[in-house]
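Report on one structure; see the data block that follows.
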There are 2 protein chains.
Amino acid sequence: MSLRYAILVDLCRGEGTGYEIAKRFQEGVGFSWKASHPQIYSELKKMADMGWVEFEKIEQESKPAKKIYRLTDDGLNSLKLWMDTPAEIPPVRDMFIIKMTVGDLATPSKLLREVLERKKFTMEKMAIFQQIEETHYKNDNQDPKYKFPQLSLRAAIITFEAHLKWFDELIEYLETLVKSES
Amino acid sequence: MSLRYAILVDLCRGEGTGYEIAKRFQEGVGFSWKASHPQIYSELKKMADMGWVEFEKIEQESKPAKKIYRLTDDGLNSLKLWMDTPAEIPPVRDMFIIKMTVGDLATPSKLLREVLERKKFTMEKMAIFQQIEETHYKNDNQDPKYKFPQLSLRAAIITFEAHLKWFDELIEYLETLVKSES
DNA sequence: TGCAGCATGTAAATAGTTACATGATTAT
DNA sequence: ATAATCATGTAACTATTTACATGCTGCA
C-alpha cells in the first residue's frame with residue numbers, strides 16, 4: 001500500500017494527470033520513491049473507485065483524453081490517518097554493498113571504475129538537491145510552511161553526503177590495489 | 001536476479017542450509033539485502049538445477065532432511081563475471097521521507113515519537129556493526145584479506161550515522177512544535 | 001501449556017517491471 | 001529521418017511477502 005500513500009502525498013501539492021505523477025516518480029526525480037507508469041495508472045484507478053481521488057476528463061485533439069486527478073475529502077482523511085501510523089523501516093537492497101564484501105573476486109580496476117561512476121552520479125544528484133535547498137528554502141524563506149519539505153530534502157542531501165564519504169574510502173583502497181596491479 | 005547473486009556471495013564464505021541462509025537474510029541481520037525463506041528456497045532450487053550450487057542431503061531424526069549447499073566452480077565463475085559488471089543503483093523507497101514532506105498533516109507528538117523510535121532502532125543496529133568492526137577489523141587485524149568485508153561494514157555504519165544526523169534535525173524541529181502545541 | 005527453534009516446502013496474493021499498442025507534434 | 005514529449009492503457013512477467021503445512025525438541 002505504500003505507493004498508494006505516496007501518490008496521495010504527491011496530490012497534496014495540487015492536481016495532476018497520471019502522466020505527470022508518473023514523471024515525478026521516475027528514477028531520480030523524487031528521492032524517496034520510484035514507480036513506473038502502469039503501476040501509477042492502476043493505483044489511481046483503484047483510488048478513484050474507492051473515492052479517495054476524483055478526476056476531470058479533458059478531451060484533446062490527437063491525444064487521448066487527459067484525466068486531471070485531485071484528492072477528495074475522503075482521500076485526505078485517509079492520508080491523515082496514515083500520517084499518524086509509523087511507516088515501515090525499509091530494507092536496503094543494494095547489491096553494490098554485497099559485492100564489496102567479496103571485492104577480492106572482482107578486477108580492481110573495474111570495481112574502481114564502478115565506484116567512480118557512482119560517485120559522479122551521486123554528486124550530480126546532490127547538486128540538484130542542494131540547488132533546490134538554496135533557491136527555495138535558505139536565507140529569507142524561513143516560512144514554517146516550508147520547514148517540512150526542507151527537512152525532507154535534507155534526508156536526500158545527508159544520505160548523499162554519506163554515500164560520497166563511503167565512496168572515498170573505497171576509492172582510496174582500490175587505487176592502491178590498481179597501482180600494485182600494474 | 002539480485003537475490004541469486006546475493007546468495008552466491010553468501011555461500012562464498014562457506015556452505016550452509018537454506019534455513020541458515022534465510023536467517024542471515026532476515027530483516028536486519030545483514031545490512032544490505034533482505035529476503036524471506038520461500039524466496040531463498042526457490043532460488044537455491046533453481047541454482048541447483050543450473051549447477052551453480054550443489055547440496056549434500058543429510059537425514060535427521062524427527063526433522064526434515066537438511067540440505068547443505070555449497071558453490072560449484074560454475075557458480076563461482078558466474079559470480080566472478082557478475083562482479084565485473086556494474087550493479088544497479090537501487091531506488092530508495094522510504095515512506096518516512098515522503099511523510100515528512102507533508103509533516104504538517106500529522107500530529108506533531110506522534111511524528112516525534114516515530115522519529116525517536118527510528119533513532120533508537122538505528123542506534124541499536126549501529127552498535128552491533130561498530131562492535132563487529134572493533135572486534136574483527138580494528139588494531140592488529142590489518143590483514144588485507146579482511147579489508148573488503150570491513151569496507152562493506154563501513155557502508156552500514158556511515159549510512160546509520162547519516163540517518164541519525166537527519167533524525168536529530170527532525171527532532172529539534174518537532175520538539176518546538178510539540179512544545180507550542182501544549 | 002505454549003512458544004521459539006530447527007528445517008523443509010507449497011500456494012496464493014501483492015508489488016513492481018518491461019514490453020506492447022496507439023498516434024499526433026515538435027525538436028534535432 | 002529519428003527521437004522525444006504528450007497521454008492513456010493492457011498483458012505478461014518477475015520479485016517479494018504472507019499464510020499454510022508438518023513435526024519434533026527444549027525452554028519458561
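Because the structure is predicted, anything quoted here is derived from the model rather than measured. Chain letters run A, B, ... following the sequence lines, proteins first, then strands; residues in each count from 1. All heavy atoms count here, side chains included; hydrogens, waters and symmetry mates do not.
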TODO: Mind calculating the distance between CD1 (B/I40) and P (D/dA15) to the nearest angstrom?
DONE: 14 Å
Open item on the list: Within the 4.0 Å heavy-atom criterion, would you say B/R93 contacts the bases, only the backbone, or no part of the nucleic acid?
Closed with: sugar-phosphate
Open item on the list: I want to confirm an ordering. Mapping A/P64 and A/S36 to their closest nucleotides on DNA chain C, which one lands closer to the 5' end?
Closed with: A/S36
Open item on the list: Measuring centre to centre across the rings, with the benzene-like ring taken for any Trp, is B/Y173 within less than 6.0 Å of A/F148?
Closed with: yes
Open item on the list: So B/T17, base contact, sugar-phosphate only, or nothing? Heavy-atom distance under 4.0 Å.
Closed with: sugar-phosphate
Open item on the list: Using the ring centroid of each side chain, check whether A/F96 and A/W166 are separated by less than 6.0 Å.
Closed with: yes
- [ ] Report which part of the nucleic acid A/A65 touches: base, sugar-phosphate, or nothing (heavy-atom distance under 4.0 Å, all strands).
- [x] sugar-phosphate
Open item on the list: Could you check whether A/E161 pairs with B/K165 (Lys NZ or Arg NE/NH1/NH2 to Asp/Glu carboxylate O, under 4.0 Å)?
Closed with: yes
Open item on the list: Just checking A/F160 against A/F31, ring centres under 6.0 Å apart?
Closed with: yes
Task: Within 45° cone of A/W82 ring axis and under 6.0 Å: B/K99 NZ or CZ - done: yes
Open item on the list: Could you tell me the boundaries of the chain A footprint on DNA chain C, defined by atoms under 4.0 Å from its heavy atoms?
Closed with: C/dA15 to C/dA24
Open item on the list: Just the rounded figure in Å: distance from C1' of D/dT14 to OH of B/Y5.
Closed with: 15 Å
- [ ] Please state how far atom CZ in B/F25 lies from atom C1' in D/dT16, giving the value in whole angstrom units.
- [x] 14 Å
TODO: Identify whether B/L11 and B/M1 are in the same connected component of the hydrophobic contact network (ILVMFWY, side-chain heavy atoms under 4.5 Å).
DONE: yes
TODO: Report the distance from atom NZ of A/K67 to atom C1' of D/dC6, rounded to the nearest whole Å.
DONE: 16 Å
Open item on the list: Looking at A/D84 and B/K110, would you say the former's side chain and the latter's main chain have a donor-acceptor pair under 3.5 Å?
Closed with: no
- [ ] Look at B/R118 together with B/D94 and state whether they make a salt bridge at an N to O cut-off of under 4.0 Å.
- [x] yes
TODO: Please work out if A/E61 contacts a base, only the sugar-phosphate, or nothing of the nucleic acid, heavy-atom cut-off 4.0 Å.
DONE: nothing
- [ ] Return the value, rounded to whole Å, for the distance between atom CE of A/M1 and atom P of D/dT16.
- [x] 18 Å
- [ ] Could you please spell out the steps behind the salt bridge (charged side-chain N to carboxylate O under 4.0 Å, His left out) verdict for B/D104 and A/K145?
- [x] CA-CA 8 Å; B/D104 51 298; A/K145 194 184 164 184; over 6 Å; no
TODO: Find the distance B/Q39:CD to D/dT18:P and express it as a whole number of Å.
DONE: 11 Å
TODO: Would you kindly compare A/K63 and A/H37 by the position of their nearest DNA chain D nucleotide and give the one closer to the 5′ end?
DONE: A/K63
Open item on the list: How many whole angstroms separate atom OH of A/Y19 from atom P of D/dC6?
Closed with: 4 Å
TODO: Send over the distance from A/E56 CD to D/dA7 C1', rounded to a whole Å.
DONE: 16 Å
- [ ] Hey, which sits more toward the 5' end of DNA chain C by its nearest nucleotide, B/K66 or B/P38?
- [x] B/K66
Open item on the list: Please determine whether a side-chain nitrogen of the Lys or Arg among A/R70 and A/E54 lies less than 4.0 Å from a carboxylate oxygen of the Asp or Glu.
Closed with: yes
Task: Inter-end axis angle, the helix from C/dT1-D/dA28 to C/dT28-D/dA1, with every axis fitted to five base pairs (rounded, 10 degrees) - done: 40°
